[in-house]
Every structure is written in structure tokens, then in C-alpha cells.
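Okay, structure first, notes after.
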Amino acid sequence: MPHATAAWLVDNSSLSFEQIAEFCGLHILEVQAIADDTAATKLTGRDPVRAGELTHEEIEKGQSDPEYRLKMQKEPDPVRRTKGPRYTPVSKRQDKPDGIAWIIKNHPELTDGQIGKLIGTTRTTIAAIRDRSHWNMANITPKDPVTLGLTSQRELDAAVAKAQKALGAVAPTDERLDSDREALIVELRAQREQLSRDADAALIAAERGDELGADEILPGIRDPFKR
């Protein structure tokens with residue numbers, strides 16, 4: 001929370017704006033706006049000393065020397081997603097029934113639990129859409145949840161693969177190009193061998209000084225200046 005940390009340092013230290021900006025990873029004008037109370041949002045300060053990111057000694061070093069650059073004691077703790085249903089922005093929540101209907105239609109192998117994790121919904125809602133007892137069933141249209149922004153293609157593919165594996169199904173593989181690939185490999189190998197033979201023959205002809213023989217072996221090779 002760099003802006004909140006900057007707000008605390010502005011209110012509780014005499015560090016320069018430049019020092020605060022560099023420590024928090026902000027532009028100096030952002031720190032200026034926080035100090036002047038002209039920021040778009042009123043910020044509640046976050047104490048970096050209590051968080052273990054700074055010490056009072058480090059702040060004092062910065063206050064006594066404007067050229068000193070504060071050193072962070074430890075990186076901020078990463079924000080981890082807690083267990084529970086996936087969070088969906090309010091603007092997209094109305095699209096959930098459409099995404100659920102699409103998955104039920106196109107991936108019947110997925111369980112209600114898997115659908116719930118992908119879309120961030122309840123088993124009750126999924127069951128209501130399955131048996132078409134949902135209160136808004138008349139207005140539900142199956143739509144790809146990836147397109148709707150309810151989940152990612154990678155998460156959907158992973159869930160489908162897991163469901164198919166649980167059912168003992170093997171993921172389909174496209175074998176249509178196998179024969180073409182093998183034919184191309186054979187053709188390229190034959191061309192390479194022919195070029196090798198031609199090169200050996202041309203070398204032998206050159207060593208013998210037999211220009212006529214070389215022309216007979218490689219009719220495509222000619223002196224570009226010969227008329």
C-alpha cells in the first residue's frame with residue numbers, strides 16, 4: 001500500500017518528498033498531492049515501522065541526511081486470496097447465469113463444485129439452472145464465461161481436463177497432420193541425400209577438369225557469363 005505508507009511518512013516524519021517517493025515507489029508529485037490533501041482519495045496512513053518494513057533508526061538517518069535513501073527491512077507481505085467463492089465485480093454478476101448455462105451445455109462433465117469455483121457461484125444457483133427452475137430462466141442465454149470475463153481460458157481448460165481425467169476419458173489429439181508430416185520428412189531427407197550426391201559428383205568432375213562431365217551431372221549449373 002504505497003500511497004497509505006507515503007501518507008504516514010508525510011504526517012509522522014520530516015523526510016523529503018523525494019525520499020518518500022523513492023521508498024514508496026511513487027512519483028514525487030503524488031507525494032506532494034498527499035501532503036497538500038489534494039489526492040483524489042483521503043488516505044489513512046499505514047505505519048511501515050509496525051509492519052516491520054522500516055525502523056525508527058532508518059527514518060532518523062533519512063531525516064538527518066536528505067541525500068540518504070531509505071532501506072526497506074523486509075518486503076511487504078504478499079496479499080493472498082482467502083478460501084471461498086471467487087470474487088466477481090458487481091458489473092459482471094448479472095452475467096453469471098449465462099456463463100453457468102454455457103458450461104452446463106458445453107461441458108456436462110464438470111461437476112457443480114467445479115463450476116462453482118470457476119464462476120464464483122453457489123450449488124443452489126447451478127442446480128436451479130440445470131433443472132430450469134431459476135427465477136430468471138426465460139432471460140438466461142448461454143454465453144462463454146471466458147468472453148464474459150468470469151474466468152480465464154486456462155482455468156476452464158484445466159477444469160475440463162481434470163473432469164475428463166476423472167471420468168477416464170483421454171483428451172482428443174489431432175492426428176490429421178501426422179501423415180503429411182511424415183511425408184514431408186521423407187521428402188526432405190531424399191532432397192538432402194540427392195544434394196549430397198550432386199555435390200560429390202561435382203567435386204569429382206572439378207578435380208578431373210571434366211567440364212563436360214560436370215555439365216552432364218549438374219545440367220542446372222552453368223557459367224552465368226557464358227553465352
Side-chain angles (χ1 to χ4, degrees), residues 1-7 23-27 30 39-44 46 48 51-53 72 74-188:
M1 302 177 68
H3 291 85
T5 301
F23 177 76
C24 297
L26 302 175
H27 193 281
E30 293 181 279
T41 304
K42 180 63 178 176
L43 298 169
T44 300
R46 173 181 176 274
E53 298 165 9
M72 186 175 292
K74 71 166 188 175
E75 293 293 329
D77 295 330
V79 178
R80 292 184 175 87
R81 183 176 178 272
T82 58
K83 292 183 178 180
R86 175 194 296 270
Y87 173 77
T88 305
V90 176
S91 60
K92 294 184 180 296
R93 291 179 188 176
Q94 61 184 3
D95 297 328
K96 284 186 177 183
D98 294 342
I100 295 169
W102 187 94
I103 292 178
I104 292 174
K105 177 181 178 180
N106 294 276
H107 295 290
E109 67 274 18
L110 292 179
T111 64
D112 288 358
Q114 289 175 311
I115 297 174
K117 289 181 179 180
L118 283 173
I119 304 298
T121 188
T122 64
R123 294 175 184 267
T124 302
T125 302
I126 298 170
I129 295 175
R130 280 190 186 279
D131 60 22
R132 304 188 66 80
S133 61
H134 192 276
W135 66 273
N136 195 34
M137 199 67 208
N139 297 317
I140 294 177
T141 303
K143 294 179 182 178
D144 188 344
V146 176
T147 304
L148 294 174
L150 298 173
T151 187
S152 68
Q153 188 65 53
R154 178 178 296 180
E155 290 174 319
L156 177 60
D157 291 343
V160 171
K162 183 177 181 180
Q164 291 178 342
K165 183 178 180 180
L167 294 174
V170 179
T173 56
D174 190 353
E175 300 179 352
R176 293 175 296 176
L177 299 178
D178 287 349
S179 59
D180 293 340
R181 187 180 298 108
E182 293 176 0
L184 179 60
I185 292 174
V186 172
E187 182 180 351
L188 292 174

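These numbers come from a predicted model, not from an experiment. For this chain, numbers begin at 1 and follow the sequence in order.
- E53 and F23 make their closest contact through O-CZ, 4.4 Å (heavy atoms, listed as atom of the first residue, atom of the second, distance).
- In this structure, the side chain to side chain contact (heavy atoms under 4.5 Å, CB included) partners of K143, at least two apart in sequence or on a different chain, are D98, T141, L148.
- Rounding to the nearest 0.5 angstrom, the gap separating the CD1 atom in I140 from the CZ atom in R132 is 8.0 Å.
- The distance from the OG1 atom of T111 to the NZ atom of K162 is 8.5 Å, given to the nearest 0.5 Å.
- Considering CD1 of I129 and NZ of K96, their distance stands at 11.0 Å, rounded to 0.5 Å.
- Every residue meeting the ring-ring contact (aromatic ring centres under 6.0 Å, His included) condition with H107, not counting sequence neighbours, appears here in chain and number order: W102.
- A distance of 10.0 Å separates CG in L156 from CD1 in I115, rounded to the nearest 0.5 Å.
- What you find for A159 and Q114 is that their closest heavy atoms are O-NE2, 3.7 Å.
- Taking every heavy atom of both residues into account, C24 and P2 meet most closely at O-CB, 3.2 Å.
- For the salt bridge (Lys or Arg N to Asp or Glu O under 4.0 Å) test, no residue two or more places apart in sequence or in another chain qualifies with R123.
- Taking OG1 of T151 as the start and CD1 of I103 as the end, the distance is 7.0 Å to the nearest 0.5 Å.
- With rounding to the nearest 0.5 Å, the separation of CD1 in I104 from CG in D112 is 7.0 Å.
- Pairing each heavy atom of L26 with each of A6, the nearest pair is CD1-CB, 3.8 Å.
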Requested in this report: Might you work through the side-chain contact (heavy atoms from CB on, under 4.5 Å) test for T125 and I119, ending with a clear yes or no?
Outcome: CA-CA 11 Å; T125 302; I119 304 298; over 6 Å; no
